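Here's the structure, in C-alpha cells; my notes come after.
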Amino acid sequence: MAKIITKKEENYSQWYNDIVTKADLAENSPVRGCMVIKPYGFAIWEKMQGVLDKMFKDTGHSNAYFPLFIPKSFFSREASHVEGFAKECAVVTHYRLKNDEKENNIIVDPGAKLEEELIVRPTSETIIWHTYKNWIQSYRDLPILVNQWANIVRWEMRTRLFLRTTEFLWQEGHTAHATKEEAMEETVRMINVYADFAENWMGMPVLKGTKTNSERFAGALETYTIEALMQDGKALQSGTSHFLGQNFAKAFDVQFTDKNGKLDYVWATSWGVSTRLMGALIMAHSDDNGLVLPPKLAPTQIVIIPIYKNNEQLTQINEKAEKIKKQLQDKGYSVKFDDRDTHKPGWKFAEYELKGYPIRLAIGPKDLENNTIEIARRDTLTKEVVNQDGLLNKVDELIDNIQNNIYKKALDYRKNNTRKIDDYEEFKRIMNEEGGFVEAHWDGTAETEEKVKNETRASIRCIPIDNEEEKGQCIVTGKPSAKRVVFARAY
RNA sequence: CGGGGUGUAGCGCAGUCCGGUUAGCGCACCUGCUUUGGGAGCAGGGGGUCGCAAGUUCGAAUCUUGCCACCCCGACCA
C-alpha cells in the first residue's frame with residue numbers, strides 16, 4: 001500500500017488517490033472535474049448534513065427547494081454578482097437531441113434552440129430573490145429563513161477533487177429581513193453555527209473573520225468566513241456567511257411595507273457550506289495510515305473484529321460479539337460486527353484504519369478464556385486489552401477522548417504554524433518554506449493585498465473577529481494599521 | 001488559456017531511445033488445499049482494440065504526423 005503523505009503539497013494527488021479511492025470516498029469521474037461520492041464518503045456527508053440541518057432548524061430555519069435552471073436575464077440583474085460568476089457558468093442552449101442520418105450520430109437539434117439560455121445555478125441568490133418578490137409584501141411576511149440542500153455547478157478553470165469540483169453538493173441559506181441590524185445578526189449567527197460545527201463536530205479549529213473587499217462574495221457588503229489550516233500549511237475557506245445588504249432586494253425589486261406604512265427594500269443574507277467540508281475533514285486529520293474521523297461524525301464509530309481458528313470458535317465469538325454490539329447500540333453508538341470470512345483479521349485492521357473508524361474491538365479465543373477484549377483507537381493507533389465488564393465505560397471514555405484529542409492535535413498544529421511577522425522578507429521566507437497562517441499588519445488597501453499576492457501567492461484569509469486591536473505598521477508599505485490580519489496560501 | 005508531464009489488464013507500472021516470437025511484472029480477481037491475535041503461503045487460472053486516427057515498413061506499444069484525454073504548476077475560485 002502506498003503511504004499517504006499529509007505534509008507535502010506535491011504528494012497530495014497521491015494522497016487523494018489512496019484515501020479517496022481506497023477508502024471508497026470517491027474516484028475521478030469521466031465528467032470534467034466532477035466527483036463520484038462513493039457510499040462510504042456519502043455516509044460521512046449524510047452525517048454532516050444531519051447535524052447541520054438540525055443546527056439550522058434550531059436557529060429557526062426551514063428547508064425549501066428552488067430550480068436548478070436560472071434564466072440568463074435573472075443573472076444580469078445584480079451587476080457585481082454577474083461579474084463574479086459570469087466566467088464560470090454552464091449554459092443550457094438547447095432542449096433536444098436528434099439523430100443525424102448522414103453521420104449516423106446523435107446531434108444537438110438546431111431547431112430546439114432555447115429563446116433564452118438557462119444557466120445551471122452556480123448559486124441561487126437570483127432565482128430565490130426573484131421568487132421572494134412574490135412572497136413579501138409586508139413586515140408581517142418577514143423574516144424569511146430558508147435553507148436549501150442542493151447541487152451547484154461552477155465551471156472553474158482548474159478543479160481539485162473535493163476542494164474544487166465542477167459540480168458539488170452544498171446547502172445555501174437565504175434569508176430576508178426587515179432591518180439591517182436583524183440581517184447583520186443573522187449573518188453573524190450563521191458563521192457562528194459553522195464555526196461551532198467545524199470545531200465541535202469536525203474537530204477542526206477555525207479562524208472566524210471577515211473577508212477583504214477583493215475576497216468578498218460577488219454582491220455582498222460583508223462576507224464572514226471560517227478559515228481552517230490543513231496539514232500541508234495551506235488554508236482552506238470552509239464556510240461563508242454573507243451580509244447582502246439591500247443589493248438583491250433592489251435588483252429584484254423586493255419591497256415591503258413597514259410598521260409605519262413606509263416602503264423599504266428587504267435586507268438579505270446568504271450562507272453556505274459544501275462537500276468541500278469533507279475535503280477539509282480528510283485533510284485536517286488524516287495520517288499515513290488513512291482517514292481519521294471524529295467519533296461524532298464517523299458513520300460507524302466502533303467495529304468489532306472476530307479472531308478465530310475454526311467454526312466452533314467463531315460460533316462462540318459470534319455470540320459474545322453480538323451481545324457486545326447490542327449493548328453498545330443500546331447506548332447509542334453505531335457499531336459494525338465484521339464477521340466476513342473472506343478476509344483475515346490483519347486485513348480488516350488495516351482496512352478500518354484506512355477508513356478512519358474511531359474504535360476497533362478485537363475478540364478472539366484468548367479473550368473468551370479471560371473475559372477480556374482488545375480495544376484500539378484510531379487517532380493514536382494504540383491498543384490495550386481490557387476486561388469485558390468495564391468495556392462500556394471504557395468506550396464512553398474513549399469516544400470523548402478521541403473527539404477531543406483530534407481537535408487538540410489540529411489546534412496544536414495550527415498554533416505551531418501561526419506566526420506573527422513584522423518583516424516582509426521574513427514573511428516571504430515563511431510563505432516559501434513553512435506555510436501556515438501569518439498574522440501581519442496591513443495598510444488596508446487592495447493594492448498592497450494584490451502586491452503580496454503576486455509576490456508570495458499568499459492572500460488575506462480573513463480579518464479575524466477575535467483578534468485584539470494592536471497598532472502597527474503595514475508589513476509592505478509601513479503605513480499605520482490598527483489590527484493584524486491573517487495571510488496564508490490557500491486552496 | 002500559458003508551462004511541464006502522462007496515456008500499456010480493475011489499480012500501480014516496465015517495455016518505447018535502438019521496430020522483430022504469442023506484450024510483461026506487482027497488487028487485485030477466480031479455483032483448490034493449508035491458514036486466521038497486524039494487509040497469509042503454495043499450486044493452477046481468467047482478464048489487453050498498448051488513448052484515437054492516418055502514415056512509413058515484410059513487420060509498429062516502439063518511428064512520423066495529426067487529434068483526444070487526464071494529471072501537475074500558474075491565471076480563476078467554495
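Throughout, a chain's letter reflects where its sequence line sits, starting with A, and its residues are numbered from 1. Here the structure is a predicted model, which means the values were calculated and not measured.
- Across all strands shown, B/rG37 has no partner, as no Watson-Crick or G-U wobble contact with both distances under 3.5 Å is found.
- The CZ atom of A/F349 sits 14 Å away from the C1' atom of B/rA40 (whole-angstrom rounding).
- B/rC13 and B/rA75 have their P atoms separated by 28 Å, given to the nearest Å.
- Annotation: B/rA40 and B/rG2 have their P atoms spaced 49 Å apart (nearest Å).
- In this structure, A/K453 places its NZ atom 7 Å from P of B/rC77, rounding to the nearest Å.
- Using Watson-Crick or G-U wobble geometry with both donor-acceptor distances under 3.5 Å, B/rC77 finds no partner in any strand shown.
- Remark: A/K355 is positioned above the aromatic ring of A/Y40, its terminal NZ or CZ atom under 6.0 angstrom from the ring centre and at most 45 degrees off the axis.
- Residue A/E88 has its side chain nearest to B/rC77 when only B/rC77, B/rG39, B/rU36 are considered.
- Dashed line: the shortest gap from a side-chain N or O of A/K344 to OP1 or OP2 of B/rG39 is not under 4.0 Å.
- Here B/rU36 presents its C1' atom at 16 Å from CD1 of A/I363, a figure rounded to the nearest Å.
- Across all strands, A/N310 comes closer than 4.0 Å to no nucleic acid atom at all (heavy-atom distances).
- Residues A/D367 and A/T372 have side chains that bring a donor and an acceptor to within less than 3.5 angstrom of each other.
- Scanning atom types as modelled, one donor and one acceptor separated by under 3.5 angstrom connect the side chain of A/K383 and the base of B/rG38.
- A/F217 comes within 4.0 angstrom of no nucleic acid atom, judged by non-hydrogen atoms across all strands.
- Using C1' as the reference atom, B/rU35 and B/rC42 are 11 Å apart when rounded to the nearest Å.
- The side chain of A/A350 sits closest to B/rG39 out of B/rG39, B/rU36, B/rC76.
- For B/rC11 and B/rG19, the P atoms lie 31 Å apart once the distance is rounded to whole Å.
- Base contact: A/T165 has a heavy atom under 4.0 Å from a base atom.
- In this structure B/rA28 sits in no base pair that meets the Watson-Crick or G-U test at under 3.5 Å.
- Comparing B/rG39, B/rG37, B/rC77 by their closest approach to the side chain of A/I307 singles out B/rG37.
- The CG-C1' distance, from A/L163 to B/rC76, rounds to 15 Å in whole Å.
- Comparing B/rU56 with B/rG66, their C1' atoms are spaced 15 Å from each other, to the whole Å.
- As the counterpart of B/rA9, no nucleotide is assigned, since no Watson-Crick or G-U wobble pattern has both distances under 3.5 Å.
- Residue contacts shown for A/E156 include a base, since a base heavy atom lies under 4.0 Å away.
- Checking B/rG74, B/rG37, B/rU36 against every side-chain atom of A/R457, the shortest atom distance belongs to B/rG74.
- If you check B/rU49 for Watson-Crick or wobble pairing at under 3.5 angstrom, you find it has no partner at all.
- The CG atom of A/L314 sits 15 Å away from the C1' atom of B/rG37 (whole-angstrom rounding).
- With rounding to whole Å, A/I152 atom CD1 is found 15 Å from B/rC77 atom P.
- If you take OH of A/Y491 and C1' of B/rC72, they are 13 Å apart, rounded to a whole angstrom.
- In this structure, B/rU21 makes no Watson-Crick or G-U wobble pair, since no nucleotide meets both defining distances under 3.5 angstrom.
- Out of B/rU36, B/rA75, B/rG37, the shortest distance to the side chain of A/Y308 is found at B/rU36.
- Of all nucleotides listed (B/rG37, B/rG38, B/rC77), B/rG38 comes nearest to the side chain of A/E353.
- Residues A/R461 and A/A362 each lie close to RNA chain B; by heavy-atom proximity, the contact nearer the 5' end of the strand is made by A/A362.
- Checking A/N192 against A/R189 by side-chain atom types alone, no donor-acceptor pair falls below 3.5 Å.
- At a cut-off of 3.5 Å, with distance as the only test, no side-chain donor of A/H242 or A/E125 sits close to an acceptor on the other residue.
- With 3.5 Å as the limit, one finds no donor-acceptor pair spanning the side chains of A/E83 and A/H81.
- Side-chain contact annotation: A/Y491 with A/Q237, donor-acceptor N/O pair under 3.5 Å absent.
- The listed nucleotides are B/rG37, B/rU36, B/rG39; the one nearest the side chain of A/K366 is B/rG37.
- Atom name P, nucleotides B/rG41 and B/rC1: the rounded distance is 50 Å, in whole Å.
- Counting non-hydrogen atoms of neighbouring residues, nucleotides and ligands closer than 6.0 angstrom, the CD atom of A/E433 exceeds 12 such neighbours.
- In this structure, the CD atom of A/E215 is 9 Å from the C1' atom of B/rC77, given to the nearest Å.
- Summary of the strand contacts: A/E374 and A/R216 both lie near RNA chain B, and taking for each the nucleotide with the nearest heavy atom, the more 5' one is attributed to A/E374.
- Going from the C1' atom of B/rG59 to that of B/rC63 covers 13 Å, rounded to whole Å.
- Across all strands shown, A/S274 has heavy atoms under 4.0 Å from base atoms, whether or not it also approaches the sugar-phosphate.
- The nucleotide B/rG59 finds no pairing partner, because no Watson-Crick or G-U wobble arrangement with both distances shorter than 3.5 Å includes it.
- In this model, a donor atom of one side chain and an acceptor atom of the other lie less than 3.5 Å apart for A/T269 and A/W271.
- Distance noted for atom P between B/rU34 and B/rC70: 50 Å (whole Å).
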